[in-house]
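Below: one structure, written as structure tokens.
Model, not experiment: these values are computed from the prediction.
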There are 2 protein chains.
Amino acid sequence: MPHRQLAFPQSECADCPIRHRAVCARCETDELEQLEAIKYYRNYEAGQTVVWAGDSMDFVASVVRGVASLTQTMEDGRRQMVGLLLPSDFLGRPSREKAPYDVIATTDLQLCCFRRAPFQNMIDTTPHISQRLLEMTLDELDAAREWMLLLGRKTAREKIASFLAIIARRDAQVQQTIAQGEVGFDLPLTREAMADYLGLTLETVSRQMSSLKRDGVISLEGKRRILVPDFDVLLDETGDDSDGGVLA
Amino acid sequence: MPHRQLAFPQSECADCPIRHRAVCARCETDELEQLEAIKYYRNYEAGQTVVWAGDSMDFVASVVRGVASLTQTMEDGRRQMVGLLLPSDFLGRPSREKAPYDVIATTDLQLCCFRRAPFQNMIDTTPHISQRLLEMTLDELDAAREWMLLLGRKTAREKIASFLAIIARRDAQVQQTIAQGEVGFDLPLTREAMADYLGLTLETVSRQMSSLKRDGVISLEGKRRILVPDFDVLLDETGDDSDGGVLA
DNA sequence: ACCCCGGCTTGATCCACGTCAAGGCACGGA
DNA sequence: TCCGTGCCTTGACGTGGATCAAGCCGGGGT
């Protein structure tokens with residue numbers, strides 16, 4: 001099973017009011033207006049911390065532009081990324097005040113925020129919102145569990161290939177051309193962030209990227225732009241069930 | 001943060017009708033009666049498969065007795081456990097027909113099942129049930145993410161110690177004596193299942209158990225019963241934040 | 001033009017864990 | 001009683017990825 005799809009293709013919802021539908025797919029006009037009334041924007045630069053683990057968060061948000069990561073850190077400094085938020089993903093948990101992990105902007109980032117209390121109100125009074133949130137949380141849980149398989153059992157090369165496939169599949173433009181085989185996209189993470197994502201060191205990430213390049217599976221344009229001549233070849237490297245179901 | 005607590009201490013709800021409260025903490029009598037009307041029991045022996053990945057599940061359930069695991073398997077046979085269900089935990093996802101992973105009884109197991117369709121009805125007509133399910137799913141997500149840190153960054157010894165601490169903390173009887181330091185409990189998993197849980201081989205599990213025994217952190221009574229002379233010493237081995245918050 | 005610095009690559013070496021293999025122990029059935 | 005079988009332990013050895021270390025490259029500031 002591939003990484004969960006976008007709640008909505010990015011092309012359909014370029015700005016925030018529509019993006020609310022990531023929260024509530026069936027919202028009617030008046031509900032969208034309620035959301036409109038309690039929303040505001042926040043912007044962060046690459047590398048900035050949005051919230052620290054343990055801090056209380058007075059908002060929930062939906063990612064408009066950029067990428068944020070959820071990261072756990074052990075006392076001795078070992079770090080593991082436990083969530084990656086791309087545009088249209090949802091950040092924060094209604095009815096839970098404290099953030100359980102650091103939230104870090106890995107690229108420049110724009111959030112569309114809703115203040116907690118009124119948002120909580122909407123949930124309590126609009127039943128299908130909590131159903132929608134349940135759906136989204138189940139998607140996150142599926143993604144987390146696929147990630148556990150990656151962390152526990154895949155080799156470094158498989159981890160890198162899986163990561164590239166995930167990023168490619170979540171890129172709206174790539175989505176449309178993926179069937180033709182050749183695709184290109186930008187990495188939204190540094191090698192170090194990739195290492196934190198994949199449970200590796202940055203040296204191993206770098207070596208495996210070089211190895212995939214040597215073997216012709218990918219090529220690089222600069223450090224961040226990836227070209228994949230044949231997406232199926234990349235999928236073969238992931239170790240995943242290769243039912244060929246690119247759009248499954 | 002420790003592994004999520006039981007929805008309710010096991011001692012409070014020894015049989016199924018009460019255990020429904022794991023699904024719905026605020027259910028009133030008439031709602032419990034509705035659940036009562038659509039419930040039935042299933043029993044499995046240790047090692048039996050409850051559902052295969054990809055099968056459609058016509059029920060959701062709550063674990064009454066025993067332990068079930070959610071396991072992903074790659075084509076070449078590598079396996080990773082992605083969920084562990086103990087008594088009072090919930091199995092299945094309303095509004096999702098297909099099971100995404102194998103569900104296996106790791107001990108003798110009793111489930112209290114609810115047929116899908118009527119259960120789905122209750123969700124749609126009783127708003128606070130879907131809110132309760134959201135809470136439970138968020139707990140599962142937190143557990144999954146803590147597990148990701150374990151899989152990605154902990155050493156074999158830390159993994160074993162963390163696992164023992166998780167099992168101990170979820171054991172109701174242990175809960176009550178944990179403050180005194182010395183606790184004992186039974187492992188509900190074979191060494192092989194522990195290996196699948198922890199992203200290790202069974203040999204490494206065995207060696208690390210022996211090592212913890214040699215170092216006096218634990219002692220064994222038979223293969224499955226664990227005695228921990230000082231729980232804080234075990235916690236020191238987990239690599240976790242040692243804020244001493246046993247009951248946090 | 002120069003240097004600096006952050007992000008990245010590459011090489012040499014080490015070691016934790018996987019792999020392969022040989023038993024040990026407890027239980028159940030003939 | 002003996003043997004078979006499932007589960008576990010232990011040892012010897014190999015290796016994938018971590019660690020340590022030395023640069024490279026490209027962009028921005030002075």
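- Of all nucleotides listed (C/dC8, D/dT9, C/dC20), C/dC8 comes nearest to the side chain of A/R191.
- With B/K159 contributing its side chain and B/L198 its backbone, the two residues share a donor-acceptor pair below 3.5 Å.
- Remark: the A/E192 side chain and the C/dC8 base include no donor-acceptor N/O pair separated by less than 3.5 Å.
- For the pair B/Q208 CD and C/dC17 C1', the interatomic distance rounds to 9 Å; values are reported in whole Å.
- Mapping A/L202 and A/R153 onto DNA chain C by nearest heavy atom places A/L202 at the nucleotide closer to the 5' end.
- Residue order along DNA chain D, read from the 5' end via each residue's closest nucleotide, puts B/T190 first among A/T155 and B/T190.
- The CZ atom of B/R207 sits 11 Å away from the P atom of D/dA12 (whole-angstrom rounding).
- Out of D/dA21, D/dT10, C/dC17, the shortest distance to the side chain of B/S206 is found at D/dT10.
- Shortest non-hydrogen contact noted between A/E45 and A/A105 is O-CB, 3.7 Å.
- Between C/dG18 and B/T204, a contact under 4.0 Å exists linking OP1 or OP2 to a side-chain N or O.
- Residue A/T201 is classed as a base contact, given a heavy-atom separation below 4.0 Å to a base.
- Nucleic acid contact class of B/L200 (heavy atoms, under 4.0 Å, all strands): sugar-phosphate only.
- Using a 4.0 Å heavy-atom cutoff across all strands shown, A/R224 reaches sugar-phosphate atoms only and no base atom.
- Counting any heavy atom pair closer than 4.0 Å across all strands shown, A/G47 reaches no nucleic acid atom.
- Going from atom CE of B/M194 over to atom P of C/dG18 covers 13 Å, rounded to whole Å.
- The CD-C1' distance, from A/E203 to D/dC24, rounds to 15 Å in whole Å.
- Taking atom CG on B/L151 and atom C1' on C/dC17, their separation rounds to 15 Å, with Å as the unit.
- At whole-Å resolution of the value, CE in A/M209 and C1' in C/dG7 are 13 Å apart.
- Listed nucleotides: D/dT10, C/dG11, C/dT9. Nearest to the side chain of A/S210: C/dT9.
- The side chain of B/K223 lies closest to D/dT9, out of D/dG17, D/dT19, D/dT9.
- Within 6.0 Å of the CD atom in A/E192, the count of heavy atoms belonging to other residues, nucleotides or ligands does not exceed 12.
- Note: NZ (A/K159) to C1' (D/dG16) measures 11 Å, nearest angstrom.
- Atom pair A/L212:CG and C/dT10:P shows a separation of 13 Å (rounding to whole Å applied).
- Remark: the backbone N or O of B/D196 is paired with a side-chain donor or acceptor of B/Q80 at under 3.5 angstrom.
- Taking the six-membered ring where the residue is Trp, A/Y197 and A/W147 present parallel rings, their angle staying beneath 30° rather than reaching 60°.
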